[in-house]
Amino acid sequence: MRMHKKGHLEERLRLCKNLTVCDLSDKNMKNAAAVKDYFDFEKIFGNNNPVRLEIGCGKGKFICELSEMLPEINFIACEKVSNVIIDACERAEREGIKNIRFLNSAAEVLERYFKPDTVEVIYLNFSNPLPKEGYKKQRLTHPKFLEIYRNILKDGGKIIQKTDDKDFYLFSLESYREAGYKILETDENYTVAGGDVETEHERLFKERGKNIYRICAEV
């Protein structure tokens with residue numbers, strides 16, 4: 001089902017002070033990523049706290065709750081769909097959360113904004129599994145994305161992934177290993193533990209009796 005565009009979307013996006021909208025006037029993702037516009041995290045957050053990134057933040061439940069749980073961490077939440085990220089931005093502003101900033105961008109251009117070796121953790125929560133073989137290269141754990149993540153992660157940085165799709169879980173495990181990541185943890189029936197937050201999708205899938213698959217991989 002096609003999502004209806006939210007009312008006054010462009011104006012609402014402009015009013016969100018915690019949002020960076022990626023300039024993608026060049027539709028070639030490789031060219032767009034090559035033009036650097038690096039975030040100055042000390043200027044943005046007013047401190048040198050560690051930085052974590054969520055790719056595909058949706059409406060922001062996970063990132064907003066986690067940022068309040070971990071005020072000593074700075075968070076960037078990336079979401080390519082403007083119609084979705086607006087809810088997350090407005091929630092964070094409404095709740096007065098200071099340690100999140102949002103990036104309205106595709107994952108292909110993350111290196112435009114993140115200097116090498118600057119992120120300590122990347123979260124991939126219930127990314128679209130894109131099950132058709134022809135879409136394999138668009139999966140967020142395809143080797144082309146894992147190379148981008150490797151470049152922006154610090155030495156020893158981690159990717160923490162959750163999905164309800166077993167095939168995507170198995171594909172991701174293979175991709176991490178082929179890309180030289182170290183698999184630290186796997187769980188094929190994960191339940192939220194201390195230091196973690198349940199996402200909207202996670203709650204829904206659990207209520208439906210589906211298993212949650214979790215991977216923690218280190219670069």
Side-chain angles (χ1 to χ4, degrees), residues 1-6 9 18-19 52-70 73 75-95 97 100-108 110 119 121-132 135-142 145-146 148-149 158-176 183-217:
M1 182 182 294
R2 188 172 181 178
M3 183 184 297
H4 292 292
K5 182 177 178 181
K6 290 184 168 66
L9 179 61
N18 59 14
L19 174 66
R52 299 186 184 186
L53 166 67
E54 183 185 16
I55 301 173
C57 70
K59 295 181 179 180
K61 177 184 184 298
F62 173 84
I63 203 70
C64 287
E65 293 183 13
L66 188 66
S67 66
E68 292 185 293
M69 183 186 297
L70 300 173
I73 303 293
F75 293 92
I76 302 289
C78 176
E79 171 60 58
K80 69 179 181 180
V81 183
S82 302
N83 211 40
V84 174
I85 201 171
I86 187 63
D87 289 329
C89 294
E90 290 179 341
R91 172 175 175 168
E93 290 198 345
R94 188 168 59 248
E95 297 180 5
I97 302 172
I100 308 178
R101 295 296 184 274
F102 295 90
L103 174 61
N104 189 188
S105 166
E108 286 91 338
L110 286 171
V119 177
V121 177
I122 291 175
Y123 298 99
L124 298 174
N125 289 316
F126 300 91
S127 310
N128 190 334
L130 298 167
K132 291 184 179 179
Y135 292 99
K136 182 185 292 186
K137 290 185 178 180
Q138 296 180 38
R139 297 172 189 164
L140 288 180
T141 54
H142 185 274
F145 287 106
L146 295 184
I148 293 171
Y149 308 155
K158 297 176 178 61
I159 298 176
I160 299 175
Q161 178 187 2
K162 290 190 281 188
T163 180
D164 67 302
D165 189 294
K166 187 171 183 179
D167 289 339
F168 184 41
Y169 164 76
L170 294 173
F171 168 86
S172 300
L173 275 177
E174 182 179 352
S175 293
Y176 290 128
I183 305 298
L184 299 180
E185 300 173 28
T186 61
D187 192 328
E188 298 189 3
N189 191 16
Y190 178 72
T191 300
V192 168
D196 193 11
V197 169
E198 187 178 61
T199 75
E200 297 102 323
H201 288 96
E202 193 168 359
R203 179 180 300 167
L204 178 63
F205 294 139
K206 277 288 188 182
E207 288 173 353
R208 293 177 178 176
K210 298 190 73 173
N211 283 17
I212 304 301
Y213 301 90
R214 181 180 183 272
I215 303 170
C216 180

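Numbers here simply count residues along the sequence, with the first being 1. What you see is a predicted model, and the numbers here were worked out from it, not measured in a lab.
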(request) Before accepting this row, confirm whether a basic side-chain N of the pair Arg208/Asp164 lies closer than 4.0 Å to the acidic partner's carboxylate O. (result) no
(message) On a heavy-atom basis, which atom in Lys61 and which in Glu198 lie closest, and how many Å separate them?
(response) NZ-O, 2.5 Å
(request) Just say parallel, tilted or perpendicular for the rings of Phe62 and Tyr123, cut-offs at 30° and 60°. (result) perpendicular
(request) Taking the side chain as every heavy atom from C-beta outward, state whether Arg214 and Glu185 have any pair of such atoms under 4.5 Å apart. (result) yes
(request) May I have the step-by-step check of side-chain contact (heavy atoms from CB on, under 4.5 Å) for Leu170 and Tyr213, ending in yes or no? (result) CA-CA 9 Å; Leu170 294 173; Tyr213 301 90; over 6 Å; no
(message) Using the rule given for side-chain contact (heavy atoms from CB on, under 4.5 Å), can you reason through Glu200 versus Phe126, listing the C-alpha separation, both sets of side-chain angles and the distance that settles it, and then say yes or no?
(response) CA-CA 10 Å; Glu200 297 102 323; Phe126 300 91; over 6 Å; no
(request) Kindly compute the distance separating CG (Asn104) from NZ (Lys80), expressed to the nearest 0.5 Å. (result) 11.0 Å
(message) Applying salt bridge (Lys or Arg N to Asp or Glu O under 4.0 Å) to Glu202 and Lys162, what does each step give before you reach the verdict?
(response) CA-CA 9 Å; Glu202 193 168 359; Lys162 290 190 281 188; 2.8 Å; yes
(message) Tell me which one of Val121, Leu146, Leu53, Ile55 satisfies side-chain contact (heavy atoms from CB on, under 4.5 Å) with Ile159.
(response) Leu146
(message) Does either side chain, that of Asn128 or that of Tyr135, offer a donor lying less than 3.5 Å from an acceptor on the other one?
(response) no
(request) Take Phe145 and His142, measure what side-chain contact (heavy atoms from CB on, under 4.5 Å) needs, and give me the verdict at the end. (result) CA-CA 6 Å; Phe145 287 106; His142 185 274; 4.3 Å; yes
(message) With no hydrogens and no angle check, just 3.5 Å: does a side-chain donor-acceptor pair link Gln161 and Thr141?
(response) no
(message) For the CG atom of Asp187 and the CD1 atom of Ile212, what is their distance to the nearest 0.5 Å?
(response) 10.0 Å
(message) More than 12 heavy atoms of other residues, nucleotides or ligands under 6.0 Å from NE2 of His201: yes or no?
(response) no
(request) Kindly compute the distance separating CG (Asn83) from NZ (Lys6), expressed to the nearest 0.5 Å. (result) 4.5 Å
(request) Could you tell me whether the side chain of Asn211 and the main chain of Glu188 form a donor-acceptor pair under 3.5 Å? (result) yes
(message) If you compare all heavy atoms of Tyr169 against all heavy atoms of Thr163, which two are closest, and at what distance to 0.1 Å?
(response) CB-CG2, 3.9 Å
(message) What's the separation between atom SG in Cys78 and atom CD1 in Ile85, rounded to the nearest 0.5 Å?
(response) 7.0 Å
(message) Quick one, Ser127 with Phe168, criterion side-chain contact (heavy atoms from CB on, under 4.5 Å). Give me CA distance, side-chain angles, the key distance, then yes/no.
(response) CA-CA 9 Å; Ser127 310; Phe168 184 41; 4.1 Å; yes
(request) Decide yes or no for Ile63 and Phe102: does some side-chain heavy atom of the first lie under 4.5 Å from some side-chain heavy atom of the second? (result) yes
(request) Report the distance from atom CG of Leu110 to atom CD1 of Ile122, rounding to the nearest 0.5 Å. (result) 7.5 Å
(message) For Lys206, is the NZ atom crowded, meaning more than 12 foreign heavy atoms sit under 6.0 Å from it?
(response) yes
(message) Tell me if a side-chain donor or acceptor on Arg139 pairs with a main-chain N or O of Leu130 at a distance below 3.5 Å.
(response) yes
(request) To the nearest 0.5 angstrom, please state how far the CG atom of Leu173 sits from the CD1 atom of Ile215. (result) 4.0 Å
(request) Decide if atom NZ of Lys210 counts as having more than 12 heavy atoms of other residues, nucleotides or ligands within a radius under 6.0 Å. (result) yes
(request) Heavy atoms only: give me the nearest Ser67-Ile97 pair and the separation to one decimal. (result) OG-CG2, 3.2 Å
(message) Testing the basics here: between Cys64 and Ala88, what is the closest heavy-atom pair and its distance to 0.1 Å?
(response) SG-O, 4.3 Å
(message) Can you give me the closest heavy-atom contact between Asn18 and Ile100, atom names plus distance?
(response) CB-O, 4.2 Å
(request) Taking all non-hydrogen atoms of both residues into account, name the closest pair between Tyr149 and Leu124 and its distance. (result) OH-CD2, 4.1 Å
